[in-house]
Amino acid sequence: MDFTITTPLYYVNDKPHLGSTYTTIACDAIARFHRLEGDNVIFITGVDEHGQKIERSAKKSNKSPQEYCDSITQSYLNLWDRWSITYDSFIRTTSTHHCSLVYEFYQRVSESGDIYLGKQQGWYCVGCEEYKDEGPNEISPSCPIHKTNLEWRNEENLFFRLSKYQKQIEEIVSRPGFIRPQSRRKEINNFVSQGLKDFSISRVNLEWGLPVPGYTGHTFYVWFDALLGYLSALNRNTLPVDLNQLKDKGWPTNVHVIGKDILRFHSVYWPAMLLSAGLDLPNSIFGHGFLTREGQKMGKTIGNILDPLELLNDYGADPIRWYLLKDIEFGVDGDFQQNRFKDLINNDLANTIGNLVNRTTTMSRKWFNNAVPTFTMNSEDTSQLCTDCLATIKCVREAMYDYDLKKSSTAILELAVKSNAFLSASEPWTRIKDIMNKELVAYELYSVLESIRIIGFLLLPLLPDLGMKILNQLGITSIPITWKNNLKWGLLAKGSLLPSPNPIFNKIL
Ligand code: MSP
């Protein structure tokens, strides 16, 4: 089955921060999961390179917009490389194949009679690249997200007839599962029920954008241009995507993962644009919460950012991934706190999972010739750990299909907690003193090793490095393409050699 997932296309006004990295890591975990499930995954990410915000940032740093874009885009590419993000397609909205797609799409929308020239007046936030709802008589209003002054605009723009799609959009946004999580639907329903207004899709006095054919002085509004990047990205090469052949390329996307601030664009404007062009709609839009620091949205404009490269150098990828995916409910805001981060990582990864792997492999090697214990008892299916493992596999898979990353990580950790409790209760270190118990100890240690194997596999989408290190400690060195045949009980080969224990995770100091 095809599974297409997208991150937003990030503005290149500044280098990436942890907020944008968060979305990408979450999408990476979901993409990795679907690959392991055997799906043909198309994981799309990229950058949004046009618009006023970028033009101004380039000017500030005395670079041409294109030079500026090239350098920031490169920092995104480097970052995703360092974080081992497994995207399949990276789209730049300045690439020529994207530009030709914008023109082709615009042609379709014009032919549907959905474009007209009109007057646009209002307060504009350059940070959001969006007109805000404040009335004309407001005195110096500011953007609640960026905390910067709004700018008054009064210009001639081309408009898109969003109002024509009122009925269809009402139906689309109320489809169960279209807007996720469910809690975000209400906000959009309210917005739509107030009556959709046509929106402007061109700008004047802005050079850094694609010129609109037939309208000298107009460039395409950055959002009109950027949303189309999702379609351009469907070709993994530099050829323009044929809009008549989108189905063969993995369209419609299963999910656009975005932050809650850009939900309107994705769940209202974008579907209407696609309807106008006669194209299929995305299956769902998932709006996650903001990553905050001291309660305030982390952002490039506000400047309270955490640098993902520094964090990576200080702690490595897995601890940060674990914190973001396990501690923050996907869909809700989460605050990044250094102390909490350290406690969580040391508890979960070092004390619970790390110790479980270390002590179990050490005991097995010591008492069973450096190998996975062998035994003749035929009672695998009666092990409580077997039942726990099978229940965890089911829970993790269901949660991942539901994009519930917290639930799936928590379930894996619980399995490690149960495995530790099983060891504490069975006390193999006491039992082994009596040779008569060797068979039972072998069976029990095997059960725990088997549970560790399943923990290692289940962690692969969330913590790819740690998952692999765990499997290595069991002598499993090759990563399977799909995991279906591995998520069963009793597959660890009895008597197979266990490598010398290597701490899989060191505590953070
Ligand atoms: N360029 C547009 C998206 C176009 S998609 C066709 C854009 N770019 S952005 O760089 O400003 O934001 C990209 C995403 O990062 C948004 O989904 C936004 O919500 C997210 N985040 C920005 N700051 C964030 C946090 N502090 N926390 C979590 N996500 C954040 O909007």
Side-chain angles (χ1 to χ4, degrees), residues 7-8 10-11 13-30 45 72 75-76 78-80 82-85 127-128 143-147 181 183-184 257-263 286-353 403-410 412-413 459 461-466 505-509:
T7 71
Y10 302 108
Y11 283 130
N13 59 314
D14 207 347
K15 59 185 186 8
H17 62 80
L18 194 62
S20 32
T21 309
Y22 172 53
T23 325
T24 311
I25 287 174
C27 289
D28 182 62
I30 298 167
T45 188
I72 303 281
S75 61
Y76 271 96
N78 294 345
L79 186 72
W80 300 153
R82 292 282 316 278
W83 279 90
S84 307
I85 299 297
C128 297
C143 170
I145 297 172
H146 293 100
K147 319 279 179 219
S183 54
R184 301 226 176 277
V257 177
I258 52 161
K260 60 182 180 179
D261 53 335
I262 54 174
L263 193 55
F286 191 100
H288 65 70
F290 284 156
L291 212 53
T292 58
R293 213 178 160 190
E294 314 300 335
Q296 240 196 9
K297 182 189 176 228
M298 206 182 283
K300 294 170 271 200
T301 316
I302 296 179
N304 58 346
I305 58 170
L306 276 169
D307 183 341
L309 263 186
E310 267 175 38
L311 287 172
L312 189 68
N313 290 338
D314 290 350
Y315 305 110
D318 281 341
I320 309 286
R321 283 176 78 110
W322 187 249
Y323 186 80
L324 297 176
L325 302 179
K326 181 195 173 234
D327 205 46
I328 300 169
E329 191 177 331
F330 199 43
V332 174
D333 289 353
D335 210 38
F336 192 91
Q337 294 163 4
Q338 198 78 6
N339 286 342
R340 185 168 166 74
F341 163 72
K342 283 189 184 172
D343 288 350
L344 183 95
I345 297 309
N346 287 340
N347 257 327
D348 293 359
L349 303 188
N351 295 346
T352 305
I353 298 180
Y403 313 132
D404 194 337
L405 304 164
K406 185 182 171 87
K407 188 169 175 187
S408 77
S409 358
T410 305
I412 300 170
L413 185 74
L459 278 176
L462 302 158
L463 306 185
D465 292 346
L466 192 72
F505 193 83
N506 291 321
K507 273 194 176 179
I508 294 177
L509 299 174

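Scope of the values below: all heavy atoms of this structure, side chains included, with no hydrogens, waters or symmetry mates.
Residues Y10 and S20 share a closest heavy-atom pair of OH-O, 3.1 Å. The nearest pair of heavy atoms linking L309 to D307 is N-OD1, 2.8 Å. In terms of heavy atoms, A350 sits closest to K507 at CB-CG, 3.7 Å. Nearest heavy-atom pair, P308 versus W83, reported as atom, atom and distance to 0.1 Å: O-CZ2, 3.5 Å. Closest approach of Y76 and P16 over heavy atoms only: CE2-CB, 3.5 Å.
Side-chain atoms of K326 do not come within 3.5 Å of backbone N or O of T410 as any donor-acceptor pair. Using modelled atom types, no side-chain atom of T23 and backbone atom of I258 make a donor-acceptor pair closer than 3.5 Å. Side-chain atoms of R184 come within 3.5 Å of backbone atoms of G331 as a donor-acceptor pair (strictly under, hydrogens ignored). Side chain of N346 to backbone of I508: a donor-acceptor contact under 3.5 angstrom is found. No donor-acceptor distance shorter than 3.5 angstrom exists from the side chain of K15 to the backbone of I72, with no hydrogens or angles considered. Using a distance-only test at 3.5 Å, with no hydrogens or angles considered, a donor-acceptor pair links the side chain of D333 to the main chain of F290.
With rounding to the nearest 0.5 Å, the separation of NE2 in H288 from SG in C27 is 7.5 Å. Rounded to the nearest 0.5 angstrom, I320 CD1 and L463 CG are separated by 11.5 Å. In this structure, CD1 in I25 is found 12.0 Å from CD1 in I30, a value given to the nearest 0.5 Å. The OG1 atom of T21 sits 12.0 Å away from the CZ atom of R82 when rounded to the nearest 0.5 Å. One finds the CD1 atom of I353 at 5.0 Å from the CH2 atom of W322 (value rounded to the nearest 0.5 Å). Here D343 contributes atom CG and Q338 contributes atom CD; the two are 11.0 Å apart, rounded to the nearest 0.5 Å.
Between D28 and R321, some side-chain heavy-atom pair lies under the 4.5 Å cut-off. Two residues are said to be in side-chain contact when any heavy atoms from C-beta on lie closer than 4.5 Å; I345 and Y315 fail this criterion. A heavy-atom distance below 4.5 Å is found between the side chains of P319 and F505. Counting heavy atoms from C-beta on, the side chains of I305 and R293 never come closer than 4.5 Å. In this structure the side chain of I328 never reaches within 4.5 angstrom of the side chain of L405, judged on heavy atoms. The side-chain heavy atoms of S84 and P464, taken from C-beta on, include no pair separated by under 4.5 Å.
Counted within 6.0 Å of CG on N313, heavy atoms from surrounding residues, nucleotides or ligands total more than 12; the atom is thus considered enclosed. Residue-environment remark: NZ (K407) stays at or below the threshold of 12 foreign heavy atoms within 6.0 Å.
D335 and R340 are not joined by a salt bridge, as no carboxylate oxygen comes within less than 4.0 angstrom of a charged side-chain nitrogen.
Annotation: F330 is not in aromatic contact with Y403 [ring centroid separation under 6.0 Å not met].
L459 pairs with exactly one of D318, L466, L349 by the side chain to side chain contact (heavy atoms under 4.5 Å, CB included) rule, that one being L466.
Annotation: side chain to side chain donor-acceptor pair (under 3.5 Å) contacts of T7 (sequence neighbours excluded): T45.
Aromatic ring pairs are classed by plane angle as parallel below 30°, tilted from 30° to 60° and perpendicular above 60°; the pair Y323 and F341 is perpendicular.
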